[in-house]
Protein chains: 2
Amino acid sequence: MADPDDLLHQVADTFKLMSDASRLAILKLCLEGPASVGHIAETLDLSPSLVSHHLRLLRAARLVRSERRGRHVFYDAEDHHIRCIVADMLEHVAEEAGIDLERSAA
Amino acid sequence: MADPDDLLHQVADTFKLMSDASRLAILKLCLEGPASVGHIAETLDLSPSLVSHHLRLLRAARLVRSERRGRHVFYDAEDHHIRCIVADMLEHVAEEAGIDLERSAA
DNA sequence: GCGACATATGAACAACTATTCAACTATACG
DNA sequence: CGTATAGTTGAATAGTTGTTCATATGTCGC
């Protein structure tokens with residue numbers, strides 16, 4: 001991803017994990033409690049392969065943790081900051097809702 | 001960027017703005033108070049052109065606001081959620097890296 | 001052992017994005 | 001007016017990334 005020594009890069013890289021709609025949806029689902037790969041794939045209408053790919057990245061950044069139970073592997077959100085971050089960003093976006101993206105100079 | 005109707009996509013897109021190290025650094029600088037394009041470029045060692053490109057995106061998502069004063073254009077962070085989001089993410093990354101935030105400049 | 005199910009993984013490709021460069025607009029001062 | 005400073009913008013490009021497909025690994029029941 002990037003320079004592992006640089007804190008700013010690590011922060012940016014972690015934001016990058018939340019910058020994809022599919023991955024963000026997966027993360028949100030894991031915030032609601034442990035969910036298997038298959039369940040996530042079915043719920044979000046994504047291929048199991050894709051979900052697995054995304055979960056691997058999320059786990060690498062410790063945003064989710066995995067636990068195998070039988071044939072299934074359950075993932076749930078690990079860090080307590082994440083919920084706040086997602087909630088804050090939702091509020092931010094909601095506040096500016098209904099605004100055109102292209103605006104000209106001040 | 002993406003489907004403007006979908007709130008989740010908007011959230012993801014806003015995270016994407018913070019997922020680039022240069023842009024995140026610019027945003028952090030703007031959180032400390034109004035800064036001109038030239039000042040930002042010099043401080044972060046980036047080309048004015050690049051800074052301007054990034055600021056345009058940040059302004060489109062209302063993460064910063066611009067105000068012209070003479071020949072300079074000053075930008076500062078607009079939304080009150082953003083500071084919390086960046087701070088929370090710093091804590092998250094610091095936790096899993098075992099870094100003491102008090103000692104490394106945030 | 002075998003077969004079915006659940007997840008993981010690697011390669012390949014299309015789509016996207018950060019950065020640079022050059023040209024452009026805007027403001028101030030003589 | 002012309003010149004200098006400050007910032008913007010569009011095109012081109014090199015690098016990155018999400019997704020798919022095929023294949024592999026792991027687990028349970030027979």
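Quick note on labels: first sequence line is chain A, next is B, and so on, each numbered from 1.
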A.B. asks: Between atom CG in B/Leu55 and atom P in D/dT8, what is the gap in whole Å?
C.D. replies: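 These atoms are roughly 7 Å apart.
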
A.B. asks: Using atom CE of A/Met18 as one end and atom P of D/dG18 as the other, report the distance to the nearest whole Å.
C.D. replies: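 Taking CE of A/Met18 and P of D/dG18, I get 14 Å after rounding.
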
A.B. asks: Start with the C-alpha gap between A/Arg23 and A/Leu58, add the side-chain angles, then the distance that decides, and say whether side chain to side chain contact (heavy atoms under 4.5 Å, CB included) holds.
C.D. replies: CA-CA 8 Å; A/Arg23 217 156 38 213; A/Leu58 291 173; 4.0 Å; yes

A.B. asks: Quick one: which of A/Val37, A/Val51, A/Ile40 gives a side-chain contact (heavy atoms from CB on, under 4.5 Å) with A/Leu46?
C.D. replies: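 Result: among A/Val37, A/Val51, A/Ile40, A/Val51 is the only option passing the side-chain contact (heavy atoms from CB on, under 4.5 Å) with A/Leu46.
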
A.B. asks: On the nucleotide D/dG18, are OP1 or OP2 found under 4.0 Å from the side-chain N or O atoms that A/Arg23 carries?
C.D. replies: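 Yes.
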
A.B. asks: When you check the phosphate oxygens OP1 and OP2 of D/dT8, does a side-chain N or O of B/Tyr75 lie under 4.0 Å from one of them?
C.D. replies: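 So the side chain of B/Tyr75 is within the cut-off, an N or O lying under 4.0 Å from OP1 or OP2 of D/dT8.
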
A.B. asks: Within residues 25-32 of chain A, which residues have any heavy atom lying less than 4.0 Å from an atom of DNA chain D?
C.D. replies: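 Contacting residues: none.
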
A.B. asks: Looking for any heavy atom pair under 4.0 Å, which part of the strands does B/Phe74 touch: base, sugar-phosphate only, or nothing?
C.D. replies: nothing

A.B. asks: Looking across every strand, which nucleic acid part, if any, lies under 4.0 Å from B/Ser36 by heavy atom: base, sugar-phosphate, or nothing?
C.D. replies: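 Result for B/Ser36 = sugar-phosphate.
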
A.B. asks: Can you tell which of C/dA18, D/dT19, D/dG7 lies closest to the side chain of B/Leu57?
C.D. replies: C/dA18

A.B. asks: Report yes or no: does B/Ser52 contribute a side-chain atom to a donor-acceptor pair with the main-chain N or O of B/Pro48 at less than 3.5 Å?
C.D. replies: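 Checking the backbone N and O of B/Pro48 against the side chain of B/Ser52, no donor-acceptor pair under 3.5 Å is found.
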
A.B. asks: Distance criterion of 3.5 Å, no angle test: do you see the side chain of A/Ser49 paired donor-to-acceptor with the base of C/dT9?
C.D. replies: yes

A.B. asks: With respect to the side chain of A/Arg68, which nucleotide from D/dC21, C/dT7, C/dA22 is positioned closest?
C.D. replies: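 Of the candidates, C/dT7 comes closest.
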
A.B. asks: D/dG7 P sits how many Å from B/Ile40 CD1, rounded?
C.D. replies: 9 Å

A.B. asks: Just call it for B/Ser22: base, sugar-phosphate, or nothing, with non-hydrogen atoms closer than 4.0 Å on any strand.
C.D. replies: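 It contacts sugar-phosphate atoms only.
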
A.B. asks: OP1 or OP2 of D/dG7 versus the side-chain N and O atoms of B/His72: is any pair under 4.0 Å?
C.D. replies: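 Answer yes for this pair, as a side-chain N or O of B/His72 is under 4.0 Å from OP1 or OP2.
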
A.B. asks: Under 4.0 Å between a side-chain N/O of B/Arg71 and OP1 or OP2 of D/dG7, yes or no?
C.D. replies: no

A.B. asks: Counting side-chain heavy atoms from CB outward, which of D/dG10, C/dT7, D/dG7 is closest to B/Ser52?
C.D. replies: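 Taking heavy atoms from C-beta onward, the closest nucleotide is D/dG7.
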
A.B. asks: Expressed in angstrom and rounded to an integer, what is the separation of A/Arg56 atom CZ from C/dA11 atom C1'?
C.D. replies: 13 Å

A.B. asks: Answer yes or no for A/Arg69 and A/Phe74: cation-pi contact, defined as NZ/CZ to six-membered ring centre under 6.0 Å and angle to ring axis within 45°.
C.D. replies: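 Verdict for A/Phe74: a cation-pi partner in A/Arg69.
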
A.B. asks: Output the rounded distance in Å from CD (B/Glu67) to C1' (D/dA6).
C.D. replies: 16 Å

A.B. asks: Answer yes or no: does atom CZ of A/Arg56 have more than 12 heavy-atom neighbours from other residues, nucleotides or ligands under 6.0 Å?
C.D. replies: no

A.B. asks: For the pair made of CG in B/Asp20 and P in C/dT19, what is the distance, rounded to whole Å?
C.D. replies: 5 Å

A.B. asks: Find the distance between CG (B/Asp20) and CG (B/Leu27) and round it off to the nearest 0.5 Å.
C.D. replies: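 So the CG of B/Asp20 and the CG of B/Leu27 are separated by 11.5 Å.
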
A.B. asks: What is the separation between atom CG on B/Leu50 and atom C1' on D/dG10, rounded to the nearest whole Å?
C.D. replies: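 It works out to 15 Å between those atoms.
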
A.B. asks: Base, sugar-phosphate, or nothing for A/His53, non-hydrogen atoms under 4.0 angstrom?
C.D. replies: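 Base contact.
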
A.B. asks: Using 30° and 60° as the class limits, which term best fits the ring planes of A/His81 and B/His92: parallel, tilted or perpendicular?
C.D. replies: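 Perpendicular.
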
A.B. asks: Between A/Gly70 and A/Leu46, which is nearer to the 5' end of DNA chain D once each is assigned its nearest nucleotide?
C.D. replies: A/Leu46

A.B. asks: On DNA chain D, check which nucleotide each of A/Arg69 and A/Ser47 is closest to and give me the residue with the more 5' one.
C.D. replies: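 Mapping each residue to its closest nucleotide by heavy atoms, the 5'-most match is A/Ser47.
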
A.B. asks: Is the phosphate of D/dT19 approached by A/His54 (side-chain N or O, under 4.0 Å from OP1 or OP2)?
C.D. replies: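 Checking A/His54 against D/dT19: at least one side-chain N or O falls below 4.0 Å of OP1 or OP2.
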
A.B. asks: Is it true that a side-chain atom of A/Ser19 and a backbone atom of A/Lys16 form a donor plus acceptor pair closer than 3.5 Å?
C.D. replies: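 Here the side-chain-to-backbone pair exists.
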
